[in-house]
Amino acid sequence: MASTSDGPITATLFPGDGIGPEISDAVQEIFRAAQAPIEWDVQYIGKEVDPRTNSFVTRENLDSVLKNRIGLKGPMTTPIGKGFRSLNLTLRKELQLYANVRPCKSIPGYKTRYDDIDLVTIRENTEGEYSGLEHEVVPGVVESLKVITHVASTRVAEFAFDFAQKNNRKKVTAVHKANIMKLTDGAFLRCVRKVAERYPDIQYEEMIVDNTCMQLVTRPKQFDVMCMPNLYGDIISDLCAGLIGGLGLTPSGNIGANGLALMEAVHGTAPDIAGKDMANPTAMLLSGVMMLRHLRVTDVADNIEQAVLSTIAGGKYLTRDLGGKTGTQEFTQAIIGNLK
């Protein structure tokens with residue numbers, strides 16, 4: 001195993017459920033072959049609700065990420081309507097992973113309706129409609145509270161502009177619905193505008209969310225970095241994934257304070273194909289590449305990413321979701337064969 005000057009880096013790994021363990025195994029195998037300087041602290045979600053978290057995510061799971069400061073997560077599913085917190089929401093809120101970063105870049109050799117897409121969605125991750133504040137006012141009437149704060153809005157705006165500057169991006173688009181939600185989205189926009197003033201070299205624009213959706217499917221190349229509240233980011237980031245071939249090809253990262261980060265595959269658990277050697281590990285693998293870049297292990301990250309892209313571009317070894325017949329294990333070996 002290759003290592004940093006201080007030795008291997010310990011990272012938390014949540015294999016997840018459904019196809020999660022299979023694609024997690026594939027990622028670990030490719031990391032070993034690429035000599036990535038990573039030792040995995042494997043964490044499994046609890047089978048019962050932990051009263052300390054009101055979720056299947058246990059206190060020990062959270063403590064692992066807090067200790068290691070870096071992690072990678074496979075897909076997880078929270079049963080619907082059971083009265084406890086979403087697994088993903090628990091991780092993001094408890095760990096204060098305030099910025100979700102989703103690169104959306106066309107994969108050479110994999111043809112979609114769009115060519116040369118290269119944009120990034122940055123989503124506020126801790127509040128908005130996903131604050132979890134819902135209650136039944138009277139029978140038949142349910143109220144859900146949307147929370148927008150200056151602190152969270154400013155924090156994610158600063159992250160977006162800093163990201164744009166560090167990655168040689170030219171423009172930040174703030175996505176909103178302030179024409180209707182004048183107080184909440186209005187507050188979000190005011191915060192982003194103040195941050196934008198400190199970055200005169202970055203072009204700044206604002207766009208209403210419904211128009212943004214239309215523009216993304218008609219002229220997606222006009223976008224560069226997009227910054228938005230939680231709900232809009234959830235929807236638009238998935239729309240953007242569709243531009244390049246789907247969630248199975250799209251990496252994702254959740255970033256918190258002081259460098260804490262949890263990267264993740266955001267597609268579903270696909271229980272119908274679990275254990276059948278049919279899953280595509282690309283999204284989780286590219287999320288692992290994001291993790292390596294976050295750790296500044298760029299040479300290994302570049303090697304793995306290029307091996308993935310070469311495998312897909314070659315067209316010989318493609319999983320079923322990409323139009324081929326290759327199984328998870330064979331696809332994994334093909335990627336390893338393309339490592340330098």
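All of these numbers come straight from a predicted model, not from anything done at the bench. Values below: all heavy atoms of this structure, side chains included; hydrogens, waters and symmetry mates excluded.
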Check whether [X] reaches the backbone of [Y] with its side chain - one donor and one acceptor, N or O, closer than 3.5 Å.
| X | Y | value |
| --- | --- | --- |
| Gln35 | Arg32 | no |
| Thr319 | Gly327 | no |
| Thr250 | Gly246 | yes |
| Thr12 | Gly71 | no |
| Thr53 | Ser55 | yes |
| Thr154 | Val151 | no |
| Glu124 | Glu127 | yes |
| Lys276 | Asp272 | yes |
| Ser153 | His150 | no |
| Asn303 | Lys340 | yes |

Please work out whether the ring planes of Phe31 and Trp40 are parallel, tilted or perpendicular, with thresholds of 30° and 60°.
tilted
Between Gln222 and Gln215, is a side-chain hydrogen bond (donor to acceptor under 3.5 Å, both in side chains) present by the stated rule, with each step listed?
CA-CA 8 Å; Gln222 68 183 284; Gln215 295 292 333; 2.8 Å; yes
Are any of the side-chain nitrogens in [X] or [Y] under 4.0 Å away from the carboxylate oxygens of its partner?
| X | Y | value |
| --- | --- | --- |
| Glu158 | Arg198 | yes |
| Asp238 | Arg102 | yes |
| Arg52 | Glu94 | no |
| Glu206 | Arg193 | yes |
| Asp210 | Lys177 | yes |
| Arg169 | Asp118 | yes |
| Asp41 | Lys67 | no |
| Lys111 | Asp115 | yes |

side-chain hydrogen bond (donor to acceptor under 3.5 Å, both in side chains) with Asp162: which residues, sequence neighbours excluded?
Lys166
Using the test side-chain hydrogen bond (donor to acceptor under 3.5 Å, both in side chains), find all partners of Ser287 that sit at least two apart in sequence or belong to another chain.
none
Does a sphere of radius 6.0 Å around OH in Tyr44 hold more than 12 heavy atoms from other residues, nucleotides or ligands, not counting ones at 6.0 Å or beyond?
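Count not over threshold, so no.
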Do other residues, nucleotides or ligands put more than 12 heavy atoms under 6.0 Å from the CD atom of Gln329?
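No, the 6.0 Å shell around CD holds no more than 12 heavy atoms from other groups.
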Please test Asn61 against Ser64 for side-chain hydrogen bond (donor to acceptor under 3.5 Å, both in side chains), starting from the C-alpha separation and ending with a verdict.
CA-CA 5 Å; Asn61 295 153; Ser64 171; over 6 Å; no
One pair to check against ring pair (Phe, Tyr, Trp, His ring centres under 6.0 Å): Tyr199 and Phe161. What are the steps and the verdict?
CA-CA 7 Å; Tyr199 292 84; Phe161 278 91; 5.3 Å; yes
